[in-house]
Amino acid sequence: MTGAIDAATAGRPRIEVYSTLTRSKAPLVTVRPGHVGMYLCGPTVYKPSHIGHMVGPVIFDTIKRHLVFSGWTVTWVVNITDVDDKIIAESVSRGTTMRALAEEMTADYLGNLAALGVDGIDVMPKATEHIDTIIAFIEGLVAKGFAYASDGDVYFDVAKDADYGKLTNRAVDQMQGEGGSTAERKRSTADFALWKAAKPGEPSWESPWGPGRPGWHIECSAMSKAILGEHFDIHGGGLDLVFPHHENELAQSESLHGCPMATFWMHNGLMQAGSAAGKVGGRPRGGEPLDAAADAAAQAASKISKSTGAQPFTELLRRHRPEAIRLLLLSTHYRSPIHFGEEPLAESARALEAFTRVFSRYERIAGRSFHQLPRRDRRAGDLAIGAAGEEATALRARFLAAMDDDFNTAIAVATLFDFVRVVNRHIDAHTLETARSPAALETLDAMLLALRELTGVLGLFLREPRAEEGADGALVARLMELVIEIRARARAAKDFATADLIRDRLGVAGVTLEDGPAGTRWSRT
RNA sequence: GGCGCCGUAGCCAAGUGGCUAAGGCAGCGGAUUGCAAAUCCGCCAUCGUGGGUUCGACUCCCACCGGCGCCUCCA
């Protein structure tokens, strides 16, 4: 067993991955050596995305970064569901077309991903662009006897699938569903639609069963097969998708192909709005039918806790640094629920300052921006920070071990805080802000290089923050220079009343002054 | 009714059958500073309750209390 694993990982670090299917961790052994095929269920684009839609992408983006960093080639697919009952309903109420609405909401989604630094998605297939693939998939299931047509609909026949329910460990006869509004057309209430006949006025495509559109689960089965193959490595999504979405995808794909769909089924915890019970933007409890009234009730209910809950993500971005949001998402283990709200966000932003401070400290000392440092690859070998950097080297190892163990970003983040402390201690110990010590500087460079490497794995601090710009910015800088000089004279003359007055009044105006050994610095609050 | 998760310091949050129970925020003491800020050093938890297994459990098992998710279209 160990030999096989070694052969499959071919010198790459051993990475343990938890799978919902087996409810345990196992070494990442891929279908194709050195290559990881990863599929994440993306959004149904009918409304602007909220924070909940960002959790999966940030987590899987981080997973991809770590895999690539560790020597794998990764193909990451995130689908866009652009045909669906909810999109149709929303487009009708807005007086627009399904297509136009879907495009608008897709753009919103992509903009939010970009803001959070999620840039590793390789393919974003849309359901409407794969209708032929989907129809072929359904035909295959019908031909094999796993699906049946009924009145223009096509349903998956759960009774034909011996291990249906294995992902969520449930038996068909224990399920409570009434089968919904289409119950009389199904053989079993647990059967689910692969193809839905179009009602008058609805968007539709021609098919062997008449005009209609794909059911909810089929597109992921069809598109993942088309792009990643019948058996790929990682299939991900939010925990709320485990049932029925992934259970049904798995049933469709494995019934048709006779092989595992994905080796690992990874599910991230859901967002919780502060102390409010239940998840954001979900359905009301009690299993009420999803009609307009219930939908309205759900909206009203989420409004009660709306402070940070289901508001559009773009709204959130206006008030918070994307970096703080990303750090917050990665501070918790990905399978745990995340408590979200203004308070946690503010705390995350405060914690972030430890990093930005050490970066500017480095810049002052080395005359080089942290963001200009090159990004390293893990396979380039272990980073030798040297004897003076023994602690840093150990922390780097701890970080990597945490990430190798089912992508434990919570521990990884913790080691980074330790890392920052080690860097500050090194700077203090060698008084690097005022003294020149080539050896100590060299160590500092190596430390920051490692910090650059590790923060990059988490997708943090990738870009230079926006600097003060334009003529005003230059003017402010000059004025501040002048004010600081005047204050320095007052301090030299022991006129502390004046010095403190300047500092206090600037503080009220939103400017912070800090007196250090190398002079006074200012920053905006 | 079925499947499953969680309960760790004031708050957030990792983790382990025995080695100092990470880290962040807040707080306290100290170094530093004209005073601050920042930085550094130190302090701050026996792990929901009650049983059991074990040489030994916070970590495994059972019960209970409390919180939560899913059970057909919500990421």
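Chain identifiers are assigned alphabetically (A, B, ...) following the order of the sequence lines, protein sequences preceding nucleic acid strands; residue numbering begins at 1 within each chain. Predicted, not measured: the structure shown is a model, and the values here were computed from it. FYI, side chains are in, hydrogens and waters are out, and symmetry mates aren't considered; it's all heavy atoms of this structure.
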Would you say [X] reaches [N]'s phosphate, i.e. side-chain N/O to OP1/OP2 under 4.0 Å?
X: A:Thr168; N: B:C71; value: no
X: A:His50; N: B:A75; value: no
X: A:Arg425; N: B:C41; value: yes

Rounded off to whole Å, could you give me the [atom1]-to-[atom2] distance for the [X] and [N] pair?
X: A:Glu343; N: B:A26; atom1: CD; atom2: P; value: 11 Å
X: A:Asn424; N: B:C41; atom1: CG; atom2: C1'; value: 13 Å
X: A:Phe243; N: B:C71; atom1: CZ; atom2: P; value: 8 Å
X: A:Phe399; N: B:G23; atom1: CZ; atom2: C1'; value: 13 Å
X: A:Glu353; N: B:G23; atom1: CD; atom2: P; value: 20 Å
X: A:Ile411; N: B:U16; atom1: CD1; atom2: P; value: 8 Å
X: A:Arg398; N: B:U16; atom1: CZ; atom2: P; value: 14 Å
X: A:Leu327; N: B:C12; atom1: CG; atom2: P; value: 17 Å

Ignoring hydrogens and geometry, is there a side-chain-to-backbone donor-acceptor pair from A:Ser91 to A:Ile88 under 3.5 Å? yes
Checking the side chain of A:Asp153 only, and the main-chain atoms of A:Ala197 only, is there a donor and an acceptor separated by less than 3.5 Å? yes
Determine the Euclidean distance between corresponding P atoms of B:U8 and B:A45; express it in Å to zero decimal places. 16 Å
To the nearest 0.5 Å, how far apart are OG in A:Ser523 and CZ in A:Arg357? 6.5 Å
Using both distances under 3.5 Å as the test, list the Watson-Crick or G-U wobble partner of [N], or none.
N: B:C64; value: B:G48
N: B:C40; value: B:G30
N: B:C35; value: none
N: B:U53; value: none
N: B:G1; value: B:C71
N: B:U59; value: none
N: B:A9; value: none

Within 45 degrees of the axis of the six-membered ring of A:Tyr148 and under 6.0 Å from its centre: does A:Arg187 put its NZ or CZ there? yes
Any cation-pi pair here, A:Arg170 with A:Phe243, using under 6.0 Å and within 45°? yes
Just compare [options] and give me whichever is closest to any side-chain atom of [X].
X: A:Thr332; options: B:C3, B:G34, B:A14; answer: B:A14
X: A:Asn169; options: B:A75, B:A38, B:C3; answer: B:C3
X: A:Ser336; options: B:A14, B:G34, B:G24; answer: B:A14
X: A:Lys196; options: B:C73, B:C35, B:C71; answer: B:C73
X: A:Ala414; options: B:G23, B:A13, B:G24; answer: B:G23
X: A:Arg357; options: B:A38, B:G34, B:A14; answer: B:A38
X: A:Phe417; options: B:G23, B:A14, B:A37; answer: B:G23
X: A:Arg170; options: B:C71, B:C41, B:A75; answer: B:C71
X: A:Arg491; options: B:U39, B:A75, B:G34; answer: B:G34
X: A:Cys41; options: B:A26, B:C68, B:A75; answer: B:A75

With a non-hydrogen cut-off below 4.0 angstrom, is [X] in contact with a base, only sugar-phosphate, or nothing?
X: A:Leu513; value: base
X: A:Ala351; value: sugar-phosphate
X: A:Thr415; value: nothing
X: A:Arg521; value: nothing
X: A:Leu239; value: nothing
X: A:Asp418; value: sugar-phosphate
X: A:Gly56; value: nothing
X: A:Pro344; value: nothing
X: A:Ser49; value: nothing
X: A:Arg213; value: nothing

Determine whether any donor atom in the side chain of [X] lies under 3.5 Å from an acceptor atom in the base of [N], or the reverse, and answer yes or no.
X: A:Asn248; N: B:C73; answer: no
X: A:Asn408; N: B:G15; answer: no
X: A:Arg503; N: B:A36; answer: yes

So A:Met480 and A:Leu513, side chain to side chain contact (heavy atoms under 4.5 Å, CB included) or not? Walk me through it. CA-CA 10 Å; A:Met480 284 309 304; A:Leu513 290 190; 4.1 Å; yes
Anything under 3.5 Å between a donor and an acceptor, one on a side chain of residues 106-116 of chain A, the other on a protein residue two or more places apart or in another chain? List them.
| residue | atom | partner | partner atom | Å |
| --- | --- | --- | --- | --- |
| A:Thr106 | OG1 | A:Ala102 | O | 2.6 |
| A:Asp108 | OD2 | A:Ser49 | N | 2.9 |
| A:Asp108 | OD2 | A:Ser49 | OG | 3.0 |
| A:Asp108 | OD2 | A:Asn112 | ND2 | 3.4 |
| A:Asn112 | ND2 | A:Ser49 | OG | 2.8 |
| A:Asn112 | ND2 | A:Asp108 | O | 3.1 |

Hey, mind stepping through A:His246 and A:His267 against ring pair (Phe, Tyr, Trp, His ring centres under 6.0 Å) and telling me if it holds? CA-CA 10 Å; A:His246 287 168; A:His267 293 99; 4.9 Å; yes
Pair A:Phe192, A:His217 - check ring pair (Phe, Tyr, Trp, His ring centres under 6.0 Å), show working. CA-CA 9 Å; A:Phe192 52 91; A:His217 319 294; 5.3 Å; yes
